[in-house]
Amino acid sequence: MPGADQILVALLTGLADAAALFFVASGLTVIFGVTRVVNFAHGSLTMLGAYCGWSLISRLPPTPLGFTLGALATMLVLAVIGAMMEIGLLRRVYRAPELFQLLATFGVVLMAEDIVQALWGVEDLALRRPPWLRAFVLVGGARFPRFDLFVIVLFPLIFLFLWLLFTRTRWGRLVRAATEDRDMVAALGVDQRLLFTSVFALGAALAGLGGVLALPDASANLGMDLTTVTDAFVVVVVGGLGSLSGAALASLLIGFLQAFGIMLVPKATLALVFVVMAVVLVLRPNGLLGRPPGRERASGETQAVVRPAPRALGLLGLGTLILALLAPFFLGPYALAIATEMLIAMLFAASLHFMMGPGGMASFGHAAWFGIGAYASAFAVRLLAAPMPLGLLVAPVAAAVMAALFGSFVVRLSGVYLAMLTLAFAEIAWAIAFQWVNVTGGDNGILGVWPASAFAGPRAFYWLTLLLTTLGTLWLRRILAAPFGYALRGVRDSRRRAEAIGVAVMPLQLTAFTLAGAAAGLAGGLYAYGKGSVFPTYISLGHSVDALLMVLLGGVGTISGPIVGALAYTGLYDVLLSVTGLWRLVLGAAIILLVLVFPEGIAGGVFRLWQRMRPA
Amino acid sequence: MKPPGPVLAVAGLAKSFGGVAAVAEVTFAVASGEMLALIGPNGAGKSTCFNILSGQLRPDRGEVLLGGETITGLPPRAIWRRGVGRTFQITATFASMTVRENVQMALLSHHRRLWRFLRPARSHFADEADALLAPVGMEDQAERCAGELAYGDLKRLELALALAHAPRLLLMDEPTAGMAPSERGGLMALTRRLAAERDIAVLFTEHDMDVVFGVADRILVLDRGRLIAEGSGAEIRADANVRAVYLGSGATSGGH
């Protein structure tokens with residue numbers, strides 16, 4: 001049993017964690033409330049804050065005053081960066097579908113990573129800690145960092161400041177009004193542009209504060225963008241999107257959970273937070289203090305009508321397929337390995353597109369099914385010494401079973417909440433793969449998942465992959481054109497109408513979710529055999545983001561989109577990687593350019609051009 | 001020839017939200033081929049009533065009978081399956097599909113063919129869909145995308161969707177809301193003709209009194225959840241209670 005001192009220290013640690021979470025999450029939730037933009041780059045702003053803070057504070061006198069000035073200056077810099085980001089990018093995409101706003105912020109994430117790396121290098125940067133930063137206070141018999149006490153005190157102060165700002169000032173009232181009803185505020189003649197820009201600047205400044213305050217206990221590092229944004233998302237979603245009090249409450253909940261979790265269940269800390277988020281979302285689909293989303297948008301984003309593939313496209317596909325069949329005769333082993341990966345990426349992207357485009361269920365955790373498929377194949381080989389056909393069969397089946405179990409909770413939600421629940425599940429799966437070392441091998445993964453001898457050569461394995469991924473992708477396409485796929489799209493277009501003509505919405509969505517999981521699982525199984533090993537990174541957020549990027553790059557609205565997107569993304573990645581060290585910067589810039597120029601994705605844009613050129 | 005008994009019979013319907021009675025002891029019936037209008041000032045309980053009938057809300061008390069069988073508290077899907085079609089105040093159609101495909105969806109659902117994974121959807125029931133589009137005058141636009149239709153055309157498409165499973169009862173929530181006044185009469189005359197031809201009972205709410213008095217066979221007036229009058233257009237016009245509610249009097253305030 002932990003003693004009273006330990007409990008007190010854990011309590012304080014939890015409060016300090018909660019404070020750090022709140023600074024970042026409050027900015028995220030306010031930005032979402034007003035602009036409805038899911039800002040994936042919020043963690044990047046925190047990372048920038050940490051690095052800027054490091055540079056500024058290192059040059060200032062090592063006193064509390066120096067630190068405070070450095071922190072305030074950092075917040076100012078971040079506010080300017082936030083405002084620039086809003087004016088230069090987000091303002092241009094407010095009218096675009098939600099997913100393109102997401103894609104745009106992904107672009108910022110990629111660019112920010114390379115910019116930070118170019119400016120500050122790859123080393124973690126820790127602050128030189130003067131005595132006042134190193135000081136401890138004695139709590140009972142235990143030592144607790146004095147700086148953390150200061151952070152704890154700052155928590156209610158910042159909350160109070162924001163609360164007063166939102167309730168007592170004209171600006172705050174406008175912000176709240178815009179959160180309630182954007183169109184109404186516009187109709188009242190309020191300059192929305194200024195309002196949005198200032199909200200974004202405030203959110204970015206808060207993110208920067210979070211980054212600076214992380215410096216004394218930790219460091220500025222390149223991984224903090226994704227970890228921070230994941231934590232902040234969890235807090236915002238648990239608290240209820242757009243709710244400041246919700247964010248504060250959820251910060252406390254998650255902070256305490258982390259502090260006590262390490263004490264009570266040290267082996268499951270990584271999963272714990274996401275388990276709690278999943279439980280909250282299942283019990284309260286709009287978070288603790290969130291309100292249900294407003295009425296169904298009258299016409300929504302007008303979706304382009306999906307027509308059967310024109311003859312030319314069919315011929316193009318056939319030509320590509322023949323070329324792909326012949327590829328092993330003129331590609332070297334390295335190029336062939338990349339081609340194999342591209343094919344697997346194509347099926348993976350097609351499976352995500354299936355649920356996210358026509359299904360209307362965007363997922364931030366699609367790598368879960370890919371990873372479960374990969375691990376299922378690996379276990380089949382490892383534990384059962386299964387032959388490859390069985391190993392490849394187990395992959396989609398295991399992914400489908402898990403997707404069906406989990407999907408029954410997912411399909412009760414919608415929009416960002418749904419996406420976050422899928423993320424929660426993927427993070428839990430990742431944590432299991434990472435922390436349950438006895439079974440999964442942890443970070444070392446499982447090795448020796450080699451294909452049967454007939455398919456051991458790169459050519460044979462390539463052909464096998466070509467066969468299975470093409471069949472899988474074509475089958476998903478076929479389903480989308482069949483009544484089932486139409487019904488799925490119908491639910492996305494208008495849930496009310498679908499229900500009013502007797503469509504069983506939840507079973508339909510659950511089935512789609514399961515099918516998508518199975519296809520991703522097959523891709524994962526193939527990948528496991530292709531690489532000969534499986535690792536927790538297959539389930540990581542980064543891998544889920546890869547899939548999202550492929551689908552969004554290709555275009556959600558077209559059926560060929562994910563195929564084009566997967567090939568373009570994998571190809572671009574490999575080309576860029578070999579040409580430049582700054583591949584993220586180039587890719588991020590390309591994505592942002594694409595969002596601004598081709599909001600319908602590559603395939604959508606090409607389709608539009610083709611239609612324009614064709615005589616009417 | 002009229003079938004015995006009403007298509008829809010509602011008895012003692014009641015629903016409260018947080019202690020406020022939105023609908024209280026409402027009883028009425030609609031006969032086959034009849035156009036029944038449900039009117040009343042804002043907040044009178046029309047929408048609540050409608051949502052109970054179509055299954056979005058469960059009543060606290062009371063019973064809803066369709067063709068003599070109870071449908072009280074069934075989910076929307078089950079109520080639709082028993083022959084109730086509906087249109088919405090803000091049209092709800094499938095924006096990413098063509099007009100014909102919209103109707104094909106309703107037909108696929110009606111024939112229980114939605115759970116098919118192979119044959120393309122557009123090859124199912126195309127002729128039947130066109131046969132439903134013709135009477136509402138939408139056959140010329142069958143190939144157009146529903147997302148780009150004019151609002152009046154969307155309303156007519158919705159009507160075709162609601163008629164796809166040959167319903168016994170049609171529920172129309174503010175059918176002419178958002179339409180140009182000149183188009184309103186046309187849509188309601190079309191509805192009236194189709195209802196008469198197919199022996200469909202129509203229950204609709206409406207704000208436009210010209211439409212109500214022009215097309216309804218009978219009118220129900222709700223006020224604060226209670227049924228205060230029922231009768232033909234002439235009777236309703238003459239009703240003192242209705243005049244009080246709509247025009248306001250010393251005793252009743254808050255009317256429109």
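We name chains A, B, ... by the order of the sequence lines, and we start the count at 1 in each one.
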**Report entry** Top of B:Ala121, B:Ala162, B:Pro76 for chain A proximity - count of heavy-atom pairs under 4.5 angstrom
**Finding:** B:Ala121
**Report entry** Closest heavy-atom pair and its distance - B:Met97, A:Tyr486
**Finding:** CE-O, 3.2 Å
Report summary line: Okay, A:Pro507 and chain B: the region with an atom under 4.5 Å from a heavy atom over there is both
Report task. Mind listing the closest non-hydrogen atom pair of B:Trp80 and A:Gly502 along with its distance? Result -> CE3-CA, 3.4 Å
Query raised in the report: Given a strict heavy-atom distance threshold of 4.5 Å, which part of A:Leu476 is in contact with chain B: side chain, backbone, both, or neither?
Result: neither
Query raised in the report: Do other residues, nucleotides or ligands put more than 12 heavy atoms under 6.0 Å from the CE atom of B:Met179?
Result: yes
Query raised in the report: chain A contacts: which residues in residues 108-120 of chain B have a non-hydrogen atom closer than 4.5 Å to it?
Result: B:Leu108, B:Ser109, B:Arg113, B:Leu114, B:Trp115, B:Arg116, B:Phe117, B:Leu118, B:Arg119, B:Pro120
Requested in this report: May I ask you to name which of B:Leu154, B:Ile79, B:Thr93 has the most heavy-atom pairs under 4.5 Å with chain A?
Outcome: B:Thr93
Query - B:His165 versus chain A, the contacting section by heavy-atom distance below 4.5 Å - result: neither
Query - A:Leu508 portion near chain B, given a 4.5 angstrom heavy-atom threshold - result: both
Query raised in the report: Out of curiosity, A:Ile501 CD1 to B:Arg86 CZ, how far, rounded to the nearest 0.5 Å?
Result: 14.0 Å
Report task. Give the minimum heavy-atom separation between A:Arg497 and B:Ala92, together with the two atoms involved. Result -> NE-O, 2.8 Å
Report summary line: Closest non-hydrogen contact found for B:Ser96 with A:Arg489 is OG-NH1, 2.8 Å
**Report entry** Within 6.0 Å of CZ in A:Phe409, more than 12 heavy atoms from elsewhere
**Finding:** no
Query raised in the report: Side chains of A:Asp493 and B:Met105: does their closest heavy-atom pair fall under 4.5 Å?
Result: no
